[in-house]
Structure formats: structure tokens, C-alpha cells
Amino acid sequence: MSAPRAHRDVDLLYPGADFAVVDEFLGRDDVQEIAAKRFPHKRAFEVDGVMVELFLVQTDEAGSFTDFWGAARHDWPADVFEVEVDGLRVASAMAVNGYRAGWDELQAKLQRG
């Protein structure tokens with residue numbers, strides 16, 4: 001979807017009701033959590049100098065979503081987790097493009113929040 005380029009982080013979508021399992025993982029001595037990135041919708045840790053951010057994707061009767069501080073909801077498309085590449089689930093093109101397209105609106109909601 002975009003040309004290869006240098007990255008400072010990796011963003012991953014984490015499907016779940018909460019971060020209970022992730023928080024258990026982050027509590028291990030061999031994991032370097034980035035505490036400044038701990039939010040209701042996000043967790044982050046470092047691996048070999050690369051920041052990995054996990055965004056919580058919850059599900060309700062309306063579908064999959066990420067709740068940003070209770071101030072803004074991003075709804076993911078129904079196919080958000082349906083793409084698989086070499087055994088690894090990746091966000092669909094529709095999910096990535098929709099998130100990028102809605103970024104400015106999401107930021108505006110958070111500013112008003």
C-alpha cells in the first residue's frame with residue numbers, strides 16, 4: 001500500500017475485551033514496556049530498539065472498534081482481521097486506509113473530548 005521506508009515503530013491491532021493478557025506479558029522482567037504509551041486503548045513495548053504499539057480492538061453489537069479515551073470511537077470494517085499472509089493475520093487494506101482517512105477527524109474529536 002506504500003513504498004518501503006524506514007520505520008520507527010510497528011503498530012499492531014489487538015483483538016480483545018481488554019488488555020489483561022497483554023498486561024501479564026508486559027509485567028515480565030524480560031519485556032521493556034513503554035509506560036508513557038500506556039492508555040486505555042494502547043500499550044507499547046520495545047523489542048531490539050523498535051517500539052511496538054498495540055491498539056485494542058473491541059467488539060460490540062455494532063462491530064469492531066477502538067475507543068480512544070471515551071472521547072472518540074474508531075469503527076473498523078468487518079474485514080479488519082480477515083487477511084492472512086504467510087500464517088500471520090494483518091489488517092485489511094480497507095482497515096488501514098479507513099484509519100488513515102479518518103485520522104484528522106479522530107484528532108479533532110480528541111481535541112474536543
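Atoms considered below: every heavy atom in the structure, side chains included; atoms not considered: hydrogens, waters and symmetry mates. Each residue takes its place number in the sequence, starting with 1.
With hydrogens and angles disregarded, a donor-acceptor distance shorter than 3.5 Å links the side chain of Q58 to the backbone of A17.
Considering only heavy atoms from C-beta on, F55 stays 4.5 Å or farther from Y14 through its side chain. Side-chain contact between Q107 and D104: absent, with no pair of heavy atoms (C-beta onward) separated by less than 4.5 Å.
V47 and V21 fall within a single hydrophobic cluster, where Ile, Leu, Val, Met, Phe, Trp and Tyr side chains are chained together by heavy-atom contacts under 4.5 Å. By the criterion of side-chain heavy atoms lying less than 4.5 angstrom apart, applied directly or through intervening Ile, Leu, Val, Met, Phe, Trp or Tyr residues, F68 is grouped together with V57 in one hydrophobic cluster. Residues F81 and Y99 share a hydrophobic cluster, clusters being chains of Ile/Leu/Val/Met/Phe/Trp/Tyr side chains in contact below 4.5 Å.
For the side chain to side chain contact (heavy atoms under 4.5 Å, CB included) test, residues two or more places apart in sequence or in another chain that qualify with L26 are V22, D23, V31, E33, R38, R43, F45. Residues that satisfy the side chain to side chain contact (heavy atoms under 4.5 Å, CB included) test with L12, not counting sequence neighbours, are V10, V52, L54. Take W69 and apply the side chain to side chain contact (heavy atoms under 4.5 Å, CB included) test, not counting sequence neighbours, and it matches F39, P40, H41, L110.
The two atoms that bring V96 and A91 nearest to each other are CG2-CB, 3.9 Å, heavy atoms only. Smallest separation of non-hydrogen atoms from V85 and V90: CG2-CG2, 4.0 Å. When all heavy atoms are compared, the tightest approach of A72 to L106 is CB-CD1, 3.4 Å.
Counting heavy-atom neighbours within 6.0 Å of E105 CD, excluding the residue itself, gives a total of 12 or less. In the displayed structure, E84 atom CD is contacted under 6.0 Å by more than 12 heavy atoms of other residues, nucleotides or ligands. Around atom CG of D86, no more than 12 heavy atoms belonging to other residues, nucleotides or ligands sit under 6.0 Å away.
Taking Ile, Leu, Val, Met, Phe, Trp and Tyr as members and joining any whose side-chain heavy atoms lie under 4.5 Å apart, directly or through other members, the hydrophobic cluster of I34 also contains M51. Using a 4.5 Å cut-off between side-chain heavy atoms of Ile, Leu, Val, Met, Phe, Trp and Tyr, F65 forms no hydrophobic cluster with any other residue.
For residues 71-81, the set of pairs meeting the side-chain hydrogen bond (donor to acceptor under 3.5 Å, both in side chains) definition, not counting sequence neighbours, comprises D60-R73, T66-W76, R73-D75, D79-S92.
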